Amino acid sequence: MALSRAHKERGELRIHESLEELSTDLADYIAELSEVSVKERGVFAIALSGGSLIGLMGKLCEAPYNKTVDWAKWYIFWADERVVAKNHTDSNYKLAKDGLLSKVPIVPSHIHSINDSVSAEQAADDYKFAIRQLVRTRVISVADISDCPKFDLILLGMGPDGHVASLFPNHSALNEKDEWVTFITDSPKPPPERITFTIPVINSASNVAVVVTGSGKAEAVHLAVDDVGSNSLSLPARMIQPTKGKLVWFLDKAAASKLDGAKFSE
Ligand code: 6PG
């Protein structure tokens with residue numbers, strides 16, 4: 001059984017005994033949000049990240065989700081992408097295509113991957129343009145208090161350094177307030193060239209989930225979630241604070257092991 005608690009300002013924490021249990025809860029969560037969004041808006045605009053997240057979403061390809069989810073209404077985006085060819089092993093698109101998108105009946109024209117034949121800067125511009133078009137046609141909604149796109153769900157992983165999407169600690173991309181999508185050419189985690197949603201776009205989403213497993217990330221989870229003073233205010237994961245939306249952390253016990261009051265999960 002998952003332990004769940006609401007953390008003042010930092011969202012809901014769902015702490016799981018095993019990866020198996022976490023994966024099932026994650027699939028249930030995504031399927032439920034998809035259902036609500038399709039009912040309310042007729043579509044589901046979801047943004048993915050790379051890393052272990054895609055493997056943890058694997059249950060969606062199995063029964064009952066493969067049959068019950070309204071895949072034809074899904075529109076897929078990437079919260080961040082490495083600027084490499086789509087068939088490159090580093091491509092987040094390839095990871096998602098191989099692990100998820102090729103296994104469920106998503107409409108190919110609803111999959112919005114980046115332009116992989118241009119520079120990082122141009123790829124970020126092209127992605128912004130594509131998103132703008134889909135905001136116009138209401139495939140993606142708009143946040144009430146800004147003109148930011150409001151994705152139905154943005155799924156993020158987190159690195160041991162507290163990075164989310166391709167927003168790394170102390171990087172100027174973290175402070176980007178005006179652009180929806182920005183680019184970096186000096187990622188501390190290879191490959192160096194990436195595009196990424198900015199903090200304002202992530203925080204405008206209706207739902208944001210951060211999926212984190214393993215003891216190597218326990219300290220970063222603690223800094224991102226607990227009341228640790230001003231030291232961690234600029235930690236990228238801590239800057240994820242949806243303005244109106246809902247934030248959920250999917251953690252395994254190892255990742256949750258350094259949380260204040262971690263004893264509550266025993
Ligand atoms: C990337 C990923 C990245 C990832 C985290 C966590 O492009 O590098 O999108 O942001 O989500 O690094 O990755 P793991 O879950 O594999 O540790």
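From a predicted model like this one, the values you see are computed outputs, not experimental measurements. Starting from 1, each residue takes its place in the sequence as its number. We count ligands from 1, going down the list as the structure has it; atoms in each ligand are counted the same way.
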Under 3.5 Å donor-acceptor pairs involving side-chain atoms of residues 28-36, not counting sequence neighbours:
| from | atom 1 | to | atom 2 | distance (Å) |
| --- | --- | --- | --- | --- |
| Asp28 | OD1 | Tyr65 | OH | 2.6 |
| Ser34 | OG | Trp74 | NE1 | 3.0 |

Set of residues satisfying side-chain contact (heavy atoms from CB on, under 4.5 Å) with respect to Arg41, sequence neighbours excluded: Ser37, Val43, Ala45, Ser141, Asp152
Carboxylate-amine/guanidinium proximity below 4.0 Å for Lys103 and Glu62: no
Polar contact flag, side-chain donor to acceptor under 3.5 angstrom, Asp80-Ser166: yes
Hydrophobic cluster membership, Ile184 vs Ile202, 4.5 Å side-chain cutoff: no
Neighbouring residues of ligand 1, heavy-atom cut-off under 4.0 Å: Ser49, Gly50, Gly51, Ser52, Asp80, Arg82, Asn92, Gly157, Met158, His163, Ala165, Lys189, Arg194, Lys217
Side chain to side chain donor-acceptor pair (under 3.5 Å) partners of Lys246, counting only residues at least two apart: Glu12
